[in-house]
Protein chains: 2
Amino acid sequence: MAKEGADMTEETEYMIDRNVGKETENVETSGDAKEMRAVILAGFGGLNKLRVTKKAMPEPQEGEVKIRVKACGLNFLDLMVRQGTIDNPPKPPLVPGFECSGIVESVGENTKGFEIGDRVMAFVNYNAWAEVVCTPVDFVYKMPEEMTFAEAAAFSLNFVAAYMMLFEVANLQEGMSVLVHSAGGGVGQAVAQLCSTVPNVTVFGIASCFKHAAIRDSVTHLFDRNVDYIQEVKKISPQGVDILLDCLCGENTGKGLSLLKPLGTYILYGASNMVTGETKSFFSFAKSWWQVEKVNPIKLYEENKVIAGFSLLNLLFKQGRCSLVKSVMDKLLCLYEQKKIKPVVDSLWALEEVKEAMQRIHDRGNIGKLILDVEKSPTPLMASDSTETSEAGEEEEEPEGDNDSKERMPFIH
Amino acid sequence: MAKEGADMTEETEYMIDRNVGKETENVETSGDAKEMRAVILAGFGGLNKLRVTKKAMPEPQEGEVKIRVKACGLNFLDLMVRQGTIDNPPKPPLVPGFECSGIVESVGENTKGFEIGDRVMAFVNYNAWAEVVCTPVDFVYKMPEEMTFAEAAAFSLNFVAAYMMLFEVANLQEGMSVLVHSAGGGVGQAVAQLCSTVPNVTVFGIASCFKHAAIRDSVTHLFDRNVDYIQEVKKISPQGVDILLDCLCGENTGKGLSLLKPLGTYILYGASNMVTGETKSFFSFAKSWWQVEKVNPIKLYEENKVIAGFSLLNLLFKQGRCSLVKSVMDKLLCLYEQKKIKPVVDSLWALEEVKEAMQRIHDRGNIGKLILDVEKSPTPLMASDSTETSEAGEEEEEPEGDNDSKERMPFIH
């Protein structure tokens, strides 16, 4: 596995040099006034494929909103994008990132509903990790006044995904039970909060032991992912659970289905929501993702069970369900204003710290969401720390910038 | 295929003779006062395995209700039971039938909620096709005053299944679209009626051409099952449908999934609900049932789709969800009393006509439900008719009673 990772890094090395050259050219021709800082993925591979560079600033097309970005969300999917292990990845060099918050700087022709100066959060089909981004108006939402930019960047993907899985795909109702993997991650914490808005819902959370103290109050029962939680859940609820949310962390589909009550729903949600990939190795994760076992519909018939897949990004960017997502966002913002839900921010990172932020997700160290804070300067190193951050399956052949980086103080809300 | 059917009949021939002997013994020892008429399936096989005979009358155990049966529902599942093609069938001889209506004759110890003389409808785990049946109180429901016994026997399985699929498994809402196979059958007609209780729902029905005139008004769009309805539906609704109900009539799962909108739900419902198995041959049906292709969860993830199985009888008799079914029945009886739904009865048959009734389901001749009317005498033959009723894949080696039976006048509401 490690060998495979190293190979992948070497293969893309040529591409990086060539593409980085191109990138520099683009910036030079576009002039100083229209430049911006952005995180660039020069080619698929390890952390060394990421750098912060100047880039031509985009201008809004018809129907688009131009946003001066304040904060961006960092998701497990971004790690998969970096490695090129998603289906049909765009060709690098590219600017990663699918969600951000900021201030409207201008709007394209025939773009209604937003004014210059509006505080907004937005979905973007790549390109979020930059000082400025343009995205179609259908993906932009006004922020509540009391919401910070960091909260807004932590809100969109996680809460919309959690809400749609619980209430649109499944049909969460009073008295039901929900099991969620990666309970400490951004989606997991959103699921736990949304479950608490329905009376008498039991939440079983699976998380690494070291997170238990921090998240114990957010769920009803908490299990270590290294124990046989199937047996533990059955001790408490012999019939099983009504809803099971599996971020495909190497989990066995059949094992999960066996834990469902009759009429229960098993939802495989994916990459975009996997803020914490609770896996030992990135590569074993990618392997399990594509090798998930098939399901026999006759078994579903006999057992009265439901299996569903959920990908919010596909829903938004490939399947055109913006208006449904908009209506979900409206409901969520109501819940936020009623103080029933509140995004959990794990830590804030400068754009220049993107590698360390990614390493933190990779190491499953986060509780809640990691945020890139565009206006933040890199935090001084903590003298006491000597953690190595070399990533499983890759070699840092091209150390640069803060290559001797140490762990930084996370910003916990 | 026909060969296979003939073999099956021959194999069970010995069992019939032996078992029928036992059955007769039972009746003789129990005395005249406690005898009743019942349809007996002597062994698995063709129509000739069915006969009406006297049988010891059951007495209610603790928690059971004893019902003087007036009418019984006949379902496609009963054909599968007859052939022994269901999973883990009980050993014949047995009395088929899963639903009936009638009058409470007595109740067992500690059985609350029913009085002698109550008009009721009930689910029974076999044994419904008899003059008297006992079943646990959890499976018994009081009939509305204005409901006839025939309607009640046509109501339970079809409407509960249709309601639970539309509203519990899927989440039918205003403006959605539903595709239903076997639109002319009992479940199909229940689905169409329930869809009409939600504003602006589009129903695509698939049915054999000869039923179109009779059911055209019950659905929005009607297609012949022999045309490429996938293409026809896509012409009207390019994005597909929100809910697809497939009674596994030889249908290809992948083809059905391709017709779903993002977030759409594909429900495989089975045997118990297949009042009209829209298949050319019973055996090709049974084959397709067990050979249905497996589903890749990754595909569900990428396409945001849901696949579910639904078996009401398993839910009731194996999975103990009586209280949920009770709450569904309460809602359905409200809709019935508001005259928003009304079971469609295809025809009434005497117990002695059970073979012809089964043949009618096999030939897919029915629109709505076939009912066994326990108090009915066999209808005189119509002189004009000369339809042969020998069933695909079986030989009537043992003709008896009304073996020269002709098609009878169906009773259409």
Side-chain angles (χ1 to χ4, degrees), chain A residues 86-88 164-165 167-173 239-240 246-248 251 253-254 256-257 261-273 288-316 318-321 324-325, chain B residues 86-88 164-165 167-173 239-240 246-248 251 253-254 256-257 261-273 288-316 318-321 324-325:
Chain A
I86 59 164
D87 200 25
N88 292 319
M164 293 190 79
M165 289 193 286
F167 298 104
E168 300 280 337
V169 180
N171 193 0
L172 179 63
Q173 291 182 359
Q239 273 226 301
D246 182 0
C247 53
L248 273 177
E251 193 48 64
T253 321
L257 277 171
K261 282 185 190 173
L263 298 180
T265 304
Y266 184 115
I267 307 179
L268 297 170
Y269 67 102
S272 63
N273 313 302
S288 70
W289 172 257
W290 295 111
Q291 290 185 354
V292 61
E293 65 184 316
K294 290 188 176 182
V295 173
N296 185 348
I298 296 297
K299 190 178 157 73
L300 299 177
Y301 163 76
E302 285 172 352
E303 300 185 353
N304 278 301
K305 289 180 177 174
V306 184
I307 183 164
F310 185 76
S311 160
L312 179 55
L313 293 184
N314 283 357
L315 201 68
L316 281 168
K318 289 185 185 172
Q319 295 157 4
R321 300 301 293 265
L324 177 61
V325 171
Chain B
I86 59 165
D87 201 25
N88 293 317
M164 293 190 77
M165 288 193 287
F167 298 105
E168 300 281 335
V169 180
N171 192 0
L172 179 63
Q173 291 183 359
Q239 273 224 302
D246 183 359
C247 52
L248 273 177
E251 195 46 65
T253 321
L257 278 170
K261 282 185 190 174
L263 298 181
T265 304
Y266 185 115
I267 308 179
L268 296 170
Y269 67 102
S272 64
N273 313 301
S288 69
W289 172 256
W290 296 110
Q291 291 186 353
V292 60
E293 64 184 317
K294 290 188 174 181
V295 174
N296 185 349
I298 296 296
K299 192 178 157 69
L300 298 177
Y301 162 77
E302 286 173 351
E303 300 184 354
N304 279 302
K305 290 181 178 174
V306 184
I307 183 164
F310 185 76
S311 160
L312 178 55
L313 294 184
N314 283 357
L315 200 68
L316 281 168
K318 290 186 183 171
Q319 295 158 2
R321 298 302 293 266
L324 177 60
V325 171

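Per chain, numbering begins at 1; letters A, B, ... match sequence-line order. Quick note: numbers below take in every heavy atom, side chains included, and nothing from hydrogens, waters or symmetry partners.
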For this session: Using non-hydrogen atoms and a 4.5 Å limit, figure out which bit of B/L324 sits close to chain A: side chain, backbone, both or neither.
Result: side chain

Seminar exercise, completed: Minimal heavy-atom distance between B/Y301 and A/Y269, with the atoms involved, is CE1-C, 4.1 Å

Problem set entry | Interface moiety of B/Q173 toward chain A, non-hydrogen atoms closer than 4.5 Å | neither

For this session: Taking atom types as modelled, find out whether B/E168 and A/N171 have a side-chain donor-acceptor pair closer than 3.5 angstrom.
Result: no

Seminar exercise, completed: Note: A/V306 and B/A308 closest approach over all heavy atoms is CG2-CB, 3.7 Å

Problem set entry | Residue, of B/A170, B/G309, B/G320, that accumulates the most heavy atom pairs under 4.5 Å with chain A | B/G309

For this session: Nearest 0.5 Å please: distance from the CG atom of B/N304 over to the CG atom of A/L313.
Result: 10.0 Å

Problem set entry | Atom pair CD/CG of A/Q319 and B/L263 - distance to nearest 0.5 Å | 7.5 Å

Exercise. Atom CG in A/L300, atom OG in B/S311: separation rounded to 0.5 Å?
Worked result: 12.0 Å

Problem set entry | With B/K318 via side chain to side chain contact (heavy atoms under 4.5 Å, CB included) - residues at least two apart | B/N314

Exercise. Side chains of B/V295 and A/I307: closer than 4.5 Å at any heavy-atom pair?
Worked result: no

Exercise. Looking at residues at least two apart in the chain, or sitting in another chain, which of them share a salt bridge (charged side-chain N to carboxylate O under 4.0 Å, His left out) with B/E303?
Worked result: B/K299, B/K305

